[in-house]
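Written below as structure tokens is the structure these notes are about.
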Amino acid sequence: MFDLDEAFKEIQRGCVEIIDEKRVKELLTSYLKNGETFYVKAGFDPTAPDLHLGHTVLIQKLALFQKYGGIVQFIIGDFTGMIGDPTGKNETRKKLDKKSVLENAKSYKEQVFMILDPKKTEVLFNSKWIDELGASGMLELTTTFNVARMLEREDFDKRYKSQTPISISEFLYPLLQGYDSVVLKSDIELGGTDQKFNLLMGRTLQRSYNVGKEQAVLMMPLLEGLDGINKMSKSLNNYIGVTEDANSMFGKILSINDSLMWRYYELLSTKTLDDIRVLKENVRVGFLHPKVAKEQLAMEIIERFHNEEKAKIAKEEFNNIHKQNLLPTDIESFELDGPIWIAKALVDAKLEPSTSNARRDIKQGAVKIDQVKISDEQLQLQSGTYILQVGKRKFANVKVK
RNA sequence: GGUGAGUUACUCAAGCGGCCAAAGAGGGCAGACUGUAAAUCUGCUGGUUUUUACCUUCGAAGGUUCGAAUCCUUCACUCACCA
């Protein structure tokens, strides 16, 4: 069916750390021999249903486990989301109502099943069993742990020492996440490196509650965003969303630098490590242009979230704009009353935020009309149709009446 | 609750009566160079067709002054130390 060593290598790929490798191997072996499936758990915050490639690193790893006998327990942390994971932030969260949780869950599913096999996935809400826990159950849960150990967690420790407030409820977060593992009897839990403490809590609690096994823990790195420095996140606007259209995905992937490209290959591509090594070597000796390697990566990712056809079109489109200086096909159109001052037209066509800025860009030679650079900032557009361009990427089709 | 410090543009941060649309850094945008990138160099980065000008901005509201981001008063918020 599959080779154990090969499978394990694939699983190890990109991981920062695996705790209890032996157990992972055992699970794979027993699936190989007896067809016994096992549970792989991962939790997601219900507040942000817009997935980006940073999230898919983890989800792809889940999909890999499905290939090797894993049943994925996809947990929507609707209860824990109310507390807010204290990791690295101190904003207070708003409580989500049932309706928006369900809506978020729905869009989660749509996005996640582009990668995961729905037949081998259980989508679960952790409020279900945590609500049942009740006050006494909650109290019992807290007796399994003490404050000193809680403060072992790095960011609690930092905040405690620097006298930044820690809410009592935040202590509950790791406990409840761990309790999920108790109820679900998970065999493996995946998470980001920032989740280490919470993931280990699952092991501790499974022991305390005599589940009869302790989950293995597999930690994935946080994917760097387009800038190559910060982790990919929506707030930094350095992300590629899985629902983005093919053209913008292509452009964004091509804009990353070469070293980041290999990082993306490792964490996002389904090519084998050997194939990637060959690719890398070919680029190194100059046999393959790095741009081509990057295009291949972009194609693969777009195929995953759209299809092959769209990937091809996106590639052509991109090369049209950049290489051959042709125009993109889907330029937004505007109708304006003429004659109109060029700076005003640029603002009206949403290419510039203000006429002052438009003037500055004209002075710098960033503005083109029908592909011809202009320098006269007093220019009046007479009636007719024009293609206005600012910089390399911003276009508009303008009809002056 | 007490005491002290602070609140300046996208962010950090200088300015402490006129030369302030406000230094510097980061970020962003653009130009050159490239591979479409990165790195590098350069320019721009409140608004307005009065563009060596005018208008609105320095937590909020008042006040002093010929003139206030700068001084005074009140209010709001943030932080630190003490309780």
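Values in this document were obtained by computation on a predicted structure and should not be read as measured data. All chains are named by letter (A, B, ...) in the order of the sequence lines, taking the proteins before the strands, and each is independently numbered beginning at 1.
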Query raised in the report: If the C1' atom of B/A61 is compared with that of B/C77, how far apart are they to the nearest Å?
Result: 15 Å
Pairing partner of B/G1, by Watson-Crick or G-U wobble and under 3.5 Å for both distances, is B/C82
Output a table of donor-acceptor pairs, distance under 3.5 Å, between side-chain atoms of residues 377-386 of chain A and any protein atom two or more places apart or on a different chain; print 'none' if there are none.
{"residue": "A/Glu377", "atom": "OE2", "partner": "A/Arg359", "partner atom": "NH1", "Å": "2.7"}
{"residue": "A/Gln380", "atom": "OE1", "partner": "A/Trp341", "partner atom": "N", "Å": "3.3"}
{"residue": "A/Tyr386", "atom": "OH", "partner": "A/Gln382", "partner atom": "O", "Å": "2.8"}

Notebook entry, point to check: Looking only at atom C1', what distance separates B/U8 and B/C58, rounded to whole Å?
Noted result: 4 Å
Note to self: For a quick check of understanding: with a heavy-atom distance under 4.0 Å over all strands, which category does A/Gln378 fall into, base, sugar-phosphate or nothing?
What the structure shows: base
A/Tyr264 atom OH is separated from B/A37 atom C1', nearest whole Å, by 13 Å
Counting only pairs under 3.5 Å, give me each side-chain donor-acceptor contact of residues 185-193 of chain A, with atom names and distances, residues two or more places apart or in other chains.
{"residue": "A/Ser186", "atom": "OG", "partner": "A/Gln73", "partner atom": "OE1", "Å": "2.8"}
{"residue": "A/Asp187", "atom": "OD1", "partner": "A/Arg23", "partner atom": "NH2", "Å": "2.7"}
{"residue": "A/Asp187", "atom": "OD1", "partner": "A/Lys213", "partner atom": "NZ", "Å": "3.0"}
{"residue": "A/Asp187", "atom": "OD2", "partner": "A/Tyr39", "partner atom": "N", "Å": "2.9"}
{"residue": "A/Glu189", "atom": "OE1", "partner": "A/Lys41", "partner atom": "NZ", "Å": "3.0"}
{"residue": "A/Glu189", "atom": "OE1", "partner": "A/Ser181", "partner atom": "OG", "Å": "3.2"}
{"residue": "A/Glu189", "atom": "OE1", "partner": "A/Gln215", "partner atom": "NE2", "Å": "3.0"}
{"residue": "A/Glu189", "atom": "OE2", "partner": "A/Lys41", "partner atom": "NZ", "Å": "3.4"}
{"residue": "A/Glu189", "atom": "OE2", "partner": "A/Gln177", "partner atom": "NE2", "Å": "3.2"}

Under a 3.5 Å limit on both distances, the Watson-Crick or wobble mate of B/A38 is none
Discussion item. When the C1' atoms of B/A5 and B/C10 are compared, how many Å lie between them, rounded to an integer?
Written reply: 26 Å
Side-chain atoms of A/Ser356 come closest, of B/G47, B/U49, B/G35, to B/G47
A/Leu254 CG to B/U34 P, in whole Å, measures 19 Å
Between A/Lys344 and A/Lys294, the residue closer to the 5' end of RNA chain B by nearest nucleotide is A/Lys294
When A/His289, A/Lys315, A/Glu300 are each screened for side-chain contact (heavy atoms from CB on, under 4.5 Å) with A/Glu295, the one that passes is A/Lys315
Examine B/G46: is either OP1 or OP2 under 4.0 Å from a nitrogen or oxygen in the side chain of A/Ser354? Give yes or no.
no
Of B/G47, B/A37, B/A32, the nucleotide closest to the side chain of A/Arg360 is B/G47
Once you apply a heavy-atom cut-off of 4.0 Å, does A/Ile256 come out as touching a base, just sugar-phosphate, or nothing? sugar-phosphate
Separation of B/U49 atom C1' from A/Asp376 atom CG, nearest Å, is 12 Å
Pairing partner of B/U49, by Watson-Crick or G-U wobble and under 3.5 Å for both distances, is none
Q.
Roughly how many Å apart are B/G62 and B/G47, using the P atom of each and rounding to a whole number?
A. 26 Å
Checking N1-N3 plus N6-O4 or O6-N4 for Watson-Crick, or N1-O2 and O6-N3 for wobble, each under 3.5 Å, the partner of B/C19 is none
- Is the closest basic N to carboxylate O distance between A/Glu103 and A/Lys106 below 4.0 Å? no
>> Work out how far the P atom of B/A68 is from that of B/G46, and round it to whole angstrom.
In response: 23 Å
Fill in: Phosphate OP1/OP2 of B/A37: any A/Ser255 side-chain N/O under 4.0 Å
no
Judged by nearest nucleotide, the residue sitting upstream toward the 5' end of RNA chain B, A/Pro353 or A/Asp258, is A/Asp258
With C1' as the reference atom in both, quote the distance from B/U65 to B/C71 in angstrom, rounded to an integer. 9 Å
Separation of B/U48 atom C1' from A/Arg359 atom CZ, nearest Å, is 8 Å
Rounded to whole Å, CG of A/Leu381 lies from P of B/U49 at a distance of 15 Å
So the ring-ring contact (aromatic ring centres under 6.0 Å, His included) pairs with at least one residue in residues 243-266 of chain A (sequence neighbours excluded) are A/Phe250-A/Phe318, A/Trp262-A/Tyr265
| Given the C1' atoms of B/A60 and B/A53, what is the spacing between them in whole Å? | 31 Å
A/Glu352 CD to B/U49 C1', in whole Å, measures 15 Å
A/Phe197 meets the ring-ring contact (aromatic ring centres under 6.0 Å, His included) criterion, sequence neighbours left out, with none
Pairs of donor and acceptor atoms involving the side chains of residues 394-401 of chain A, under 3.5 Å and at least two apart or interchain, shall be tabulated with distances.
none

Applying the 3.5 Å cut-off to both distances, the Watson-Crick or G-U partner of B/U7 turns out to be B/A76
Expected string for nucleotides 21-30 of chain B under the B/S/- scheme (protein heavy atoms, under 4.0 Å, primed atoms plus P, OP1, OP2 as sugar-phosphate) is ---------B
- Would A/Lys67 and A/Glu10 pass as an ion pair if we require N to O under 4.0 Å? no
Looking only at B/U45, B/U49, B/U48, the nucleotide nearest the A/Gln380 side chain is B/U49
Taking only the C1' atom of each, what is the distance from B/C79 to B/G59 in whole angstrom?
15 Å
What about A/Phe2 and A/Tyr68, are their ring centers closer than 6.0 Å?
yes
To the nearest angstrom, the CZ-P distance between A/Arg263 and B/A37 comes to 24 Å
Paired to B/G43 by Watson-Crick or G-U wobble criteria (both distances under 3.5 Å) is B/C29
A/Asp348 atom CG is separated from B/U49 atom P, nearest whole Å, by 10 Å
